Amino acid sequence: MTVMEYRNVLAEFQGEEGELIPILQRIQEKFGYITEDAIKNISPFLKISENQIYGVASFYSQFRFTEPGRNSIKVCMGTACHMRGGQILGEAVERELDVKPGQTTKDKRFDFHRVACLGCCALAPVIQVNEDIRSRMNVIKLKEMLDKYE
Amino acid sequence: MSKPSETITINIDNQFLQVGAGKTILQAAEQNHIYIPTLCAYKDLTPFGGCRMCIVEVDGLRGFPTACTTPVVEGMNIRTNTVQLQNIRSEILQLILSEHPCSCLICDEQEECKEFSGTIRKATVTTGCRYCPNDGQCELAEVAKKVGVKEINYPINYRYYRVEREDPFYDRDYNLCILCGRCIRMCQEIRAANALTFKQRGQKTVIGPAYNRTHIEAGCEFCGACVSICPTGALSEKTRKWEGKAEREEITTCALCGVGCQVHLQIKGRDIIGALPADDPLINNGQLCVKGRFCIPELINNHQRLKKPYRAHDGLKIELTFEQAIEEAAKKLAVCPPNEFGMIVSQNITNEDLYIAQKFTRAVMGSNNIDTMARIYYGAGLNNYVGLMKSSATLESLRKAATILCIGLDTRYGGSVVGVELRMANRKGAKIITINSHPHNLSIVAHTWLKPESGEEVGFIQSLARLIGKAKSKRPDAKSETKPHPSDNDIETAARILAESSSVIILIGSDVFKYLNSPKVLEEIGKLARSLQAEIMPLPAQNNFNGALLMGAYPELLPGGFSSARKDKQAQLGEIWGSQIPDWATSWNAEAVMTGKRMKILYLIGEVPLRERPASDFLIFQNLYPPESIYRTDLVLPSAAFTEIDGTFINGEGRLQRVRKAVEPPGFALPDWKILCLIAQKMGKKGFDFDSVDDVHKEISCQVNGFSSLDNIKRETVIMTLEPACLTGKSDFAIDPYQAPDSGKANMEFPYLLHTAISEHTYRGFPLASYVEGLKKLFIEATLEISPEDAKKAGLISGDEVIVTSAKFEKTWPARIMAEQTAGILHVTLPQGEVPGRNPYPVRIRKKNV
Ligand code: SF4
Ligand code: SF4
Ligand code: SF4
Ligand code: FES
Ligand code: FES
């Protein structure tokens with residue numbers, strides 16, 4: 001992403017403070033996530049400090065600060081899943097893919113997030129990969145499953 | 001909504017009260033001395049309603065509204081202290097404390113621990129739990145006590161954050177943070193530095209700058225305002241951590257720049273342990289900059305302070321008693337011919353010191369050879385600068401201006417109090433235009449940021465003036481004959497704003513003195529101001545620049561700012577002093593010291609002009625710290641610092657301000673005026689038998705308007721007036737008079753041009769960064785700023801050591817690659833004593849191979 005590309009996005013706006021969220025949304029739509037450079041470019045445009053922009057953006061879960069992977073894994077850490085080993089699944093993902101929560105693997109194959117309750121507690125522990133819910137997971141199943149995604 | 005001027009009647013805890021409409025319940029209660037516990041509310045900040053400590057019951061309102069956010073209305077019936085409220089508050093506080101390590105609040109042993117500080121070791125150390133540096137001065141503890149929390153009935157949920165110690169001056173332990181948001185609001189609403197924000201949300205909420213940036217990276221000004229208002233020990237001053245509470249305070253004027261903020265020095269025993277801002281509506285309004293807030297104790301209590309007179313020969317120190325030292329000085333001075341004596345005084349000393357210094361030079365030595373280093377610092381621009389200084393605008397007019405033009409100004413660390421005013425003015429609608437070839441902290445509030453090519457400032461200001469002229473004559477369509485400038489749009493907009501503005505004020509920052517042709521730049525600014533009928537406010541980096549002028553600490557000036565060539569003034573002064581005043585003009589000044597002219601006696605008061613010993617048969621060095629690398633000094637005399645004496649300074653606006661003695665000087669150190677008087681008396685001269693500094697001040701009052709007595713100072717009026725006497729200042733000087741000066745042009749052998757600037761953050765000739773540890777990280781001095789192209793050519797990356805060679809010197813500095821640096825030009829900022837000489841220097845560079 002070049003400065004020019006950010007400029008083009010910003011050119012759609014007036015430069016008023018209230019436009020921060022729409023701008024962030026537009027940036028995410030276009031580039032997939034909010035880059036540090038994006039914040040650097042928004043700051044002089046809206047005359048809001050980079051710190052404040054980051055504060056606002058990090059408040060909303062809709063914004064992400066890391067490049068999305070080709071696939072996205074969400075491990076549920078809700079109460080039910082936690083009781084049935086969600087934590088262990090999370091650690092297994094970290095180990096297998098060498099990735100920390102909120103980050104994307106080096107080969108961009110997966111991004112990894114920990115989430116609260118995916119709404120199917122009866123099937124705990126639960127993992128969501130892209131749009132698919134994988135229920136009653138364990139570490140062995142997890143390993144097999146990961147291989148299926150490119 | 002009722003108008004704020006109306007008063008209404010409300011009832012708080014069964015008392016009927018008359019309060020101003022538009023107030024919050026909390027304000028109304030506080031005004032009437034009714035206590036409501038609070039944690040997140042703070043007087044000047046917008047209410048946040050986050051901690052819910054201040055809940056009250058109000059008839060007709062459901063639930064428990066927070067007093068800090070709820071406005072009063074006529075007839076409101078409020079209860080602040082019912083059993084139910086107390087219970088809820090206690091529960092809320094317990095919840096807060098369940099995340100906040102707080103053995104200090106709820107330990108059973110608390111009372112005994114405080115008193116006896118029992119030990120668990122068989123040693124004569126006292127222990128007790130001290131997790132938090134706020135010990136004994138914690139708002140959270142006070143509130144807990146008032147609310148009556150004794151135990152915590154919630155599961156403990158500490159956060160285990162790493163304590164952040166990477167930035168200078170204050171540490172951050174967010175384990176202790178209660179997320180009251182005061183620091184954020186302070187940084188945004190009042191400082192407008194916007195370094196802090198809430199990050200994430202819910203359980204994960206934490207405070208800090210974007211990403212995991214340090215405060216230095218995030219644009220923090222290290223003003224300490226957030227540290228002052230944090231109700232917990234989360235933010236704590238590094239140097240004051242375990243000092244506890246101050247025992248007393250003294251209000252004085254900060255001596256570290258020309259703004260002249262009022263500070264409350266925090267004193268414990270014989271030491272200054274801190275400095276806090278005074279709520280002074282004229283100048284600093286409860287704010288300070290990093291120098292005033294954090295640097296004073298380290299400067300004053302520094303272990304390097306001189307305590308005794310001595311003589312230094314070949315690295316050998318021979319200590320003397322003060323009597324011996326005075327005698328020695330008197331003996332030497334008595335036989336020194338007037339034209340063989342020279343005195344350099346610091347601008348940072350008080351008016352009383354300066355006055356006595358010039359009186360000593362004139363009345364005792366019969367000489368006009370007294371000067372300050374301003375002549376070197378401002379160079380050929382000195383006269384222009386003095387011209388602008390003497391009619392400086394006040395902060396009051398800055399607050400009223402419609403448009404503010406800032407030239408070469410960055411207020412992050414220097415004069416950041418003015419930066420606060422600027423951003424306040426901006427919020428109230430004033431437009432800010434900045435001219436700066438470098439990124440600077442004001443760019444974010446600037447309506448337009450004009451970026452002249454570095455080195456092109458003169459032409460740039462001229463074209464701005466032309467465009468303003470054109471905009472004023474209302475011929476917007478007329479085609480310009482000048483060729484278009486790359487950022488013509490911006491410059492045209494700026495010109496239009498300036499032309500149409502009802503009141504303009506021009507602020508001049510110290511970067512102007514780094515410009516290639518600063519005297520000319522100043523001249524152009526002067527012209528611009530006249531054509532706009534704008535006020536000008538130069539922000540001198542040095543404190544008491546005005547005082548040195550008005551006291552006559554220059555060969556060309558007498559007290560009152562009169563020309564020393566005026567016979568009538570000479571006679572008048574001779575009468576007051578009862579002695580002969582020199583009537584001969586001198587050619588000696590600070591430049592003579594720089595060029596190595598040898599004097600019989602050179603007397604340095606609070607200045608360090610050169611790294612090596614300046615040429616003189618006998619050298620007297622009177623200051624706070626020893627001269628660098630104990631160069632052979634015939635006599636070293638210990639001075640008292642500004643916190644240890646009474647007197648006055650004149651700030652950049654021209655205000656006379658009081659300096660107050662807070663602590664005793666170390667060892668045998670004495671005020672500068674006192675030392676001079678002792679020497680003069682020893683030499684048998686009359687007119688130096690002052691009992692106190694007040695007597696000195698009174699003598700000044702016969703010669704300078706606005707002075708009366710120390711107890712009678714009127715800060716409200718500006719006293720600066722100055723005769724248009726001419727000071728000489730040349731832009732260049734050469735260290736080595738025996739060599740032909742450089743051509744000042746790049747050539748085959750030396751393809752680059754090196755520009756040097758003198759570091760501006762000094763006190764009494766010493767760079768602050770050498771004496772205050774934390775400043776080393778903020779004031780990046782002695783690094784070679786180089787453009788990316790040049791760096792590439794020389795194969796350099798930032799941080800590489802570079803050897804810079806000219807015909808006369810070879811120096812090594814680390815490189816810093818700066819995108820804005822013009823190719824072919826190198827820049828370095830150096831302490832006064834290390835500047836190699838004539839600017840600019842043709843040089844060549846090469847990377848140092850380790
Ligand atoms: S020290 Fe000043 S600028 Fe820095 S974070 Fe605190 S309030 Fe903001
Ligand atoms: S650091 Fe201090 S002022 Fe800032 S939110 Fe935490 S407790 Fe409040
Ligand atoms: S702005 Fe100047 S006077 Fe004010 S605290 Fe800072 S150094 Fe001192
Ligand atoms: S707790 Fe995991 S789905 Fe509800
Ligand atoms: S003081 Fe009112 S909610 Fe914190």
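The structure displayed is predicted, hence computed values, not measured ones. Letters go in sequence order (proteins before strands), and every chain restarts at 1.
No other option in A:A57, A:G55, A:S43, A:P44 has as many heavy-atom pairs under 4.5 Å with chain B as A:G55.
With rounding to the nearest 0.5 Å, the separation of OG in A:S49 from CD1 in B:I444 is 5.5 Å. Distance check, rounded to the nearest 0.5 Å: NZ of B:K199 to CZ of A:F59 gives 15.5 Å. How far CG of B:N194 is from CD of A:E50: 11.5 Å, rounded to the nearest 0.5 Å. Between A:Y54 atom OH and B:Q200 atom CD the span is 5.5 Å, to the nearest 0.5 Å. With rounding to the nearest 0.5 angstrom, the OH atom of B:Y211 is 10.5 Å from the CG atom of A:N51. A distance of 7.5 Å separates NZ in A:K47 from NE2 in B:H447, rounded to the nearest 0.5 Å.
Around atom CZ of A:R84, no more than 12 heavy atoms belonging to other residues, nucleotides or ligands sit under 6.0 Å away. Within a 6.0 Å sphere centred on CG of B:N212, heavy atoms belonging to other residues, nucleotides or ligands number 12 at most. Residue-environment remark: NZ (A:K143) stays at or below the threshold of 12 foreign heavy atoms within 6.0 Å. Within 6.0 Å of CG in B:L45 there are more than 12 heavy atoms belonging to other residues, nucleotides or ligands. Sparse packing is recorded around CZ of A:R7, with 12 or fewer heavy atoms of other residues, nucleotides or ligands lying under 6.0 Å away. Heavy-atom neighbours of A:E17 CD from other residues, nucleotides or ligands within 6.0 Å: at or below the threshold of 12. Around the NZ atom of A:K141, the shell of radius 6.0 Å holds more than 12 heavy atoms that belong to other residues, nucleotides or ligands.
Contact of A:L46 with chain B is not made at all, since no heavy-atom distance falls under 4.5 Å.
For the residue pair A:S61 and B:R201, a side-chain donor N or O sits within less than 3.5 Å of a side-chain acceptor on the partner.
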